[in-house]
Participant: 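Attaching a single structure in structure tokens format; questions to follow.
Model, not experiment: these values are computed from the prediction. Protein chains get the first letters and strands the later ones, always in sequence-line order, with residue 1 at the start of each. Keep in mind that the numbers below use all heavy atoms, side chains included, and drop hydrogens, waters and symmetry copies.
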Amino acid sequence: MWVREILEKEILQTLVQLYQLDGDNISPTLNVTRTEFEGEYTLVLFPLIPKVRKKPEVMGGEIGDELVNKGIIQSYNVVKGFLNLTLNPQLWTEFIQYVCQTEGYGSAPANGEKVIVEFSSPNTNKPLHLGHIRNILLGWSTYSILKERGYEVIRTQIINDRGIAICKSMLAWQLWGEGKSPADSGVKGDHFVGDFYVLFEQKFQEEYKAWQESDEGKAVYSKDKKEGEEAEGFYKRIKNIYFNQYSVLGRAAKDMLLRWEANDEETISLWKQMNGWVYEGFESTYEELGVSFDKVYYESSTYLYGKEIVQIGEDSGQFYRKEDGSVWVDLTDAGMDEKILLRSDGTSVYITQDLGTAHMRYKDYQAHRMIYVVADEQNYHFDVLFQISKILKEPYAEGMYHLSYGMVDLPSGKMKSREGTVVDADDLMQEVKQEAKNIATDKGEIGTLPVEEQEEIFGKIGLGALKFHMIKVQPKKRMIFDPKESVDMQGQTGPYIQNAFVRIKSIIRKMDEVSDNGLNVDYLPFSLEKELLVLLSEYPIELNKAAQEYDPSIVANFAYKLAKTYHRFYNEHRILSAESEDAKLFRLELSKGVAQVLERSMKLLGIEMPDKM
RNA sequence: GGCUCCGUAGCUCAGCUGGAUAGAGCAACUGACUUCUAAUCAGUAGGUCAAAGGUUCGAAUCCUUUCGGGGUCACCA
């Protein structure tokens, strides 16, 4: 903010002074100058014309002259309605020293605001997949960026650990698990349990198929089929009815759920054991991804709480009960529908739990804002949730925000578990690391390092590629994830940015200490050097934008731009063997500043920088 | 169908709170490593910014309509 802030202030002053404009009423448009013109910043003159009533050429000259007089700029040129400013180079020398000397350049001091970010939030019946990865990376980066900009941020997730799904896994394990555990079968806990969920579905399908051939199945078909309905379509349609009314396995799973809800000791203990396995698995995936949480909520302990909230709403007349006992809220005034909050049998639905969880969180933390990182298929759900919170006049209602992101597709289309096209998170991370290894082995100085260090670097590069690939896309946009592209390490990728950093590190290793003394303020930077300086000066502004808009892709694209400009600079100019001592010192300082900002911005995206690659 | 999001180069994406001739990467082709790490750089080629109207000094960007695609509209989560 350093350079732009100074410049904007001076320009405003100049406008007030020259044309007697009301300083509170104008906000001059100051852009970064396009590379084909001379200068670093450009003042757009068009909006000023009606106020000043002068031709842009004249006005530009007057403003430019005055800024030169003030010593802030060295020179200027006017092209059509654009006033291009070339800053006083001393400003840049001071600026780069400021960047290098400021620990955490780009960060903002604590602002006293508290934010809760919810992300990941898996079910315990399946391992994490590609969709979770996008969610987790988004949540994590948003957390980091907000923290960097001075917020107190609490990372949380809500785990869906109860319900019919986990009961299916439990039942399958009881029936066919032969008492095995993840440890003695050598399978990661979450995959172990997920496999039993899949096994249940398989066995259920087999059972269903057999039933369709049975007398009972045929009888139901001829009795309940619609006019002209084929058997195949019919059985597809009534799958849930079959599960609930006829299926032996379905009956058993539902009994299991009832026993769970009745707190049956044996059931609870099996449930704890299997969920425990899952959590171990999740934990290792999170660790591999480099993320962690401050607080975990479990639906098993929040779902009942939601009922109390509903009760309060009913008592105060905000909600109403229908004849069958179900409880509803009318949101038609807000342009939405009526929404059920409790089933006729008194059990809670999805949104009931969310109402309870939100309330519980506020009690725990009194956060000013609560951000939910959840895919865009749930947009309506969150509109409803937020609206109900407003109706209940919850103190946190205004601070709720749904960070909605588009689903991840494969080049072949949507991921479908039934067709086995779901990309597993653990597999994917292994693959990108392996790919990094394949590419890296004959590059740079890696081969000379100890094996452990090599592995660490492969991890940083592989995950850097994967994470950058996913974060660079705007959250709300649906993205197509091509596995081939995600392991790309050239061009607009994580490793490309890491490579810029590594080059700087290498130079610094080779720098002789003696020459490291003060900069000459009279050094005149080349245009590529000035491009880098402008980018560095814009960094805090970009970061702030990313924080305000909850959009980490802004940071990713900024880091890429900075790395790209540095690569160009690196090819164009010598550093250690620069044409003069002044140039060398300036470039070293500039490189250090770039390295610092690259490392710090990538860190916000959860991407680590290797020193060598 | 109602509501909502998206549509920019062959592909993946930037640019969107209006500013100069719409940018990157991948893929294709040409060049640059005895010189600070070539995971790099330079160059060639590639566009009716889905379409049509409107707002204005100026529109990929804002408004309206149309077309195409996704999501959602459960006593599922």
Side-chain angles (χ1 to χ4, degrees), chain A residues 29 31 33-34 36-37 42 44-47 49-50 56 79-82 84 123 160 163-165 240 299 322 324-328 335-337 339-351 353-354 375-381 383-384 404 406-407 409 411 414 436 439-440 443-446 461 465 469 472-474 476-482 484-486 488-500 502-511 545 549 553-554 556-557 560-561 563-564 566-578 584 587-588 591 612-613:
Chain A
T29 313
N31 294 340
T33 305
R34 297 180 60 117
E36 58 266 40
F37 299 97
T42 295
V44 184
L45 299 172
F46 298 106
I49 295 174
V79 182
K80 292 194 265 181
F82 301 92
N84 301 316
N123 300 333
N160 182 354
I164 193 72
N240 275 333
E299 278 187 0
K322 287 193 176 173
D324 63 4
S326 54
V327 178
W328 296 72
M336 291 173 239
D337 301 319
K339 183 77 190 172
I340 187 161
L341 300 175
L342 278 185
R343 295 194 187 97
S344 48
D345 64 2
T347 57
S348 55
V349 293
Y350 185 44
I351 202 154
Q353 304 166 18
D354 275 346
D376 63 7
E377 59 184 349
Q378 294 195 35
N379 283 353
Y380 182 68
H381 170 76
D383 287 347
V384 169
S404 163
M407 312 261 270
D409 286 329
K414 291 184 71 165
I439 294 177
K443 287 204 158 128
E445 302 163 6
I446 285 196
I461 297 174
H469 183 70
K472 72 178 182 186
V473 181
Q474 265 178 39
K476 75 172 175 183
K477 290 205 177 174
R478 204 176 175 86
M479 71 176 283
I480 296 175
F481 182 90
D482 188 338
K484 286 204 297 288
E485 285 174 16
S486 72
D488 268 348
M489 317 243 162
Q490 288 174 359
Q492 196 177 22
T493 67
Y496 173 94
I497 298 167
Q498 290 169 326
N499 185 231
V502 162
R503 284 177 144 179
I504 297 172
K505 283 287 160 184
S506 178
I507 288 172
I508 290 172
R509 277 196 299 272
K510 294 192 165 101
M511 169 184 84
K545 198 172 153 202
E549 297 178 15
S553 75
I554 292 173
N557 286 306
Y560 170 70
K561 210 166 159 188
K564 182 174 172 58
Y566 190 82
H567 277 308
R568 280 204 292 141
F569 161 74
Y570 182 93
N571 271 274
E572 182 96 5
H573 299 286
R574 306 294 306 163
I575 297 166
L576 290 178
S577 52
K584 176 177 161 185
R587 286 173 195 162
L588 276 171
S591 298
K612 296 174 179 172
M613 66 191 288

Participant: Using whole Å, report how far NZ of A:Lys561 lies from P of B:rG23.
Facilitator: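 Those two atoms, NZ and P, are 12 Å apart.
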Participant: Looking at OG of A:Ser506 and CD1 of A:Ile508, how far apart are the two atoms once the value is rounded to the nearest 0.5 Å?
Facilitator: 9.5 Å
Participant: Now, which nucleotide makes the Watson-Crick or G-U wobble pair with B:rA20, with each of the two distances under 3.5 Å?
Facilitator: none
Participant: Determine yes or no for a side-chain-to-main-chain donor-acceptor pair under 3.5 angstrom, with A:Arg343 supplying the side chain and A:Ser326 the backbone.
Facilitator: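 The answer is no, because no donor-acceptor pair under 3.5 Å joins these two groups.
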Participant: Rounding to an integer number of angstrom, what distance separates B:rG46 and B:rC33 when you compare their P atoms?
Facilitator: 28 Å
Participant: Given B:rA24, B:rC26, B:rU17, identify the nucleotide with an atom nearest to the side chain of A:Lys545.
Facilitator: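 Nearest nucleotide to the side chain: B:rU17.
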Participant: Does B:rG7 have a Watson-Crick or wobble partner in any strand here, with both distances under 3.5 angstrom, and which is it?
Facilitator: B:rC67
Participant: Assign each of A:His469 and A:Tyr380 to its nearest nucleotide of RNA chain B by heavy atoms, then name whichever residue's nucleotide is nearer the 5' end.
Facilitator: A:His469
Participant: Check whether any side-chain nitrogen or oxygen of A:Lys472 sits under 4.0 Å from OP1 or OP2 of B:rA14, and answer yes or no.
Facilitator: no
Participant: Categorize A:Asp354 for me: base, sugar-phosphate, or nothing, with a 4.0 angstrom heavy-atom threshold over every strand shown.
Facilitator: nothing
Participant: Under 4.0 Å between any heavy atoms, over every strand shown, what does A:Lys339 touch: base, sugar-phosphate, or nothing? Just pick one.
Facilitator: nothing
Participant: Between atom CE in A:Met407 and atom C1' in B:rU72, what is the gap in whole Å?
Facilitator: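 After rounding, the reported distance stands at 11 Å.
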Participant: Walk me through whether A:Asn557 and A:Gln492 qualify under side-chain contact (heavy atoms from CB on, under 4.5 Å).
Facilitator: CA-CA 9 Å; A:Asn557 286 306; A:Gln492 196 177 22; 3.9 Å; yes
Participant: On a whole-Å scale, what distance lies between the C1' atoms belonging to B:rG47 and B:rU4?
Facilitator: 29 Å
Participant: From CD of A:Glu377 over to C1' of B:rC76, roughly how many Å is that when rounded to an integer?
Facilitator: 12 Å
Participant: Suppose we define a pair by two distances each less than 3.5 Å, Watson-Crick or G-U wobble; what does B:rG2 pair with here?
Facilitator: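 Base partner found: B:rU72.
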Participant: Taking 4.0 Å as the cut-off, does a side-chain nitrogen or oxygen of A:Gln474 come that near to OP1 or OP2 on B:rC16?
Facilitator: no
Participant: I'd like the C1' distance from B:rG2 over to B:rC11, given in whole Å.
Facilitator: 35 Å
Participant: What's A:Ile480 touching, base or sugar-phosphate or nothing? Going by heavy atoms closer than 4.0 Å.
Facilitator: sugar-phosphate
Participant: Look at A:Arg343 and B:rA77 and indicate whether a side-chain polar atom (N or O) is within less than 4.0 Å of OP1 or OP2.
Facilitator: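 Yes, A:Arg343 has a side-chain N/O under 4.0 Å of OP1/OP2 on B:rA77.
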Participant: Output the rounded distance in Å from CG (A:Asn379) to P (B:rC6).
Facilitator: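 For the pair A:Asn379 CG and B:rC6 P, the rounded distance is 11 Å.
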Participant: Given atom CG of A:Asp383 and atom P of B:rG2, what is their separation to the nearest angstrom?
Facilitator: 18 Å
Participant: For B:rA20 and B:rG58, measure between their P atoms and round to the nearest Å.
Facilitator: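 So the two P atoms sit 14 Å from each other.
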Participant: Between B:rC6 and B:rU61, how far apart are the two P atoms, rounded to whole Å?
Facilitator: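 Rounded to whole Å, the distance is 13 Å.
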Participant: What is the per-nucleotide protein-contact pattern of nucleotides 29-40 of chain B, from the 5' end, where B denotes a base atom under 4.0 Å from a protein heavy atom, S denotes such proximity for sugar-phosphate atoms only, and - denotes neither?
Facilitator: ------SBBSBB
Participant: Examine B:rG71: is either OP1 or OP2 under 4.0 Å from a nitrogen or oxygen in the side chain of A:Lys477? Give yes or no.
Facilitator: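 Indeed not, no polar side-chain atom of A:Lys477 lies that close.
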Participant: To the nearest Å, give me how far apart CG (A:Asn31) and C1' (B:rA20) are.
Facilitator: 10 Å
Participant: Would the distance check show the side chain of A:His469 and the main-chain N or O of A:Asp488 forming a donor-acceptor pair, the cut-off being under 3.5 Å?
Facilitator: no
Participant: Base, sugar-phosphate, or nothing: which does A:Asn160 touch, judged by heavy atoms less than 4.0 Å apart?
Facilitator: sugar-phosphate
Participant: Touch check for A:Pro411, heavy atoms < 4.0 angstrom, all strands: base, sugar-phosphate only, or nothing?
Facilitator: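 Here A:Pro411 touches no strand at all.
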Participant: Would you say A:Leu576 and A:Met511 make side-chain contact, with heavy atoms under 4.5 Å?
Facilitator: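 Counting from C-beta outward, A:Leu576 and A:Met511 do come under 4.5 Å.
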Participant: NA contact type, A:Ser553, heavy-atom cut-off 4.0 Å: base, sugar-phosphate, or nothing?
Facilitator: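 Contact class for A:Ser553: none.
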Participant: Does B:rC33 fall in syn (glycosidic angle within 90° of 0) or anti?
Facilitator: syn
Participant: When rounded to the nearest Å, what value does the distance between P atoms of B:rU37 and B:rC29 take?
Facilitator: 30 Å
Participant: If you measure from the C1' atom in B:rG25 to the same atom in B:rG18, how many Å do you get, rounded?
Facilitator: 27 Å
Participant: May I have the step-by-step check of side-chain contact (heavy atoms from CB on, under 4.5 Å) for A:His381 and A:Asp354, ending in yes or no?
Facilitator: CA-CA 10 Å; A:His381 170 76; A:Asp354 275 346; 2.7 Å; yes
Participant: Does any part of the side chain of A:Tyr380, heavy atoms only, come nearer than 4.5 Å to the side chain of A:Asp337, both counted from C-beta?
Facilitator: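 A side-chain contact under 4.5 Å exists here.
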Participant: When the C1' atoms of B:rA42 and B:rA24 are compared, how many Å lie between them, rounded to an integer?
Facilitator: 16 Å
Participant: What is the separation between atom OH on A:Tyr566 and atom P on B:rC41, rounded to the nearest whole Å?
Facilitator: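 Distance, rounded to whole Å: 13 Å.
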Participant: From CD1 of A:Ile554 over to C1' of B:rG15, roughly how many Å is that when rounded to an integer?
Facilitator: 12 Å
Participant: Could you walk me through whether A:Phe481 and A:Asp409 pass the side-chain contact (heavy atoms from CB on, under 4.5 Å) check?
Facilitator: CA-CA 6 Å; A:Phe481 182 90; A:Asp409 286 329; over 6 Å; no
Participant: Return the nucleotide paired to B:rC62: Watson-Crick means purine N1 to pyrimidine N3 with N6-O4 or O6-N4, wobble means G-U with N1-O2 and O6-N3, both under 3.5 Å.
Facilitator: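 Across all strands, the one nucleotide that pairs with B:rC62 is B:rG54.
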Participant: To the nearest 0.5 angstrom, please state how far the NZ atom of A:Lys612 sits from the CD atom of A:Glu445.
Facilitator: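 Spacing of NZ (A:Lys612) from CD (A:Glu445) equals 5.0 Å.
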Participant: Which is more 5' along RNA chain B, the nucleotide nearest A:Asp376 or the one nearest A:Met479? Just name the residue.
Facilitator: A:Met479
Participant: Partner of B:rU40 by Watson-Crick or G-U wobble geometry, both contacts under 3.5 Å, or none?
Facilitator: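 The base-pairing partner of B:rU40, which may sit in any strand shown, is B:rA32.
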Participant: Would you check if A:Phe46 stacks with the base of B:rG58, given a 5.5 Å centroid limit and a 30° plane limit, both strict?
Facilitator: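 So no, this residue does not stack on that base, at least one cut-off failing.
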Participant: With a 4.0 Å limit, can you tell me whether A:Lys414 has a side-chain N or O closer than that to the phosphate oxygens OP1/OP2 of B:rG71?
Facilitator: yes
Participant: For the CZ atom of A:Arg568 and the NZ atom of A:Lys564, what is their distance to the nearest 0.5 Å?
Facilitator: 6.5 Å
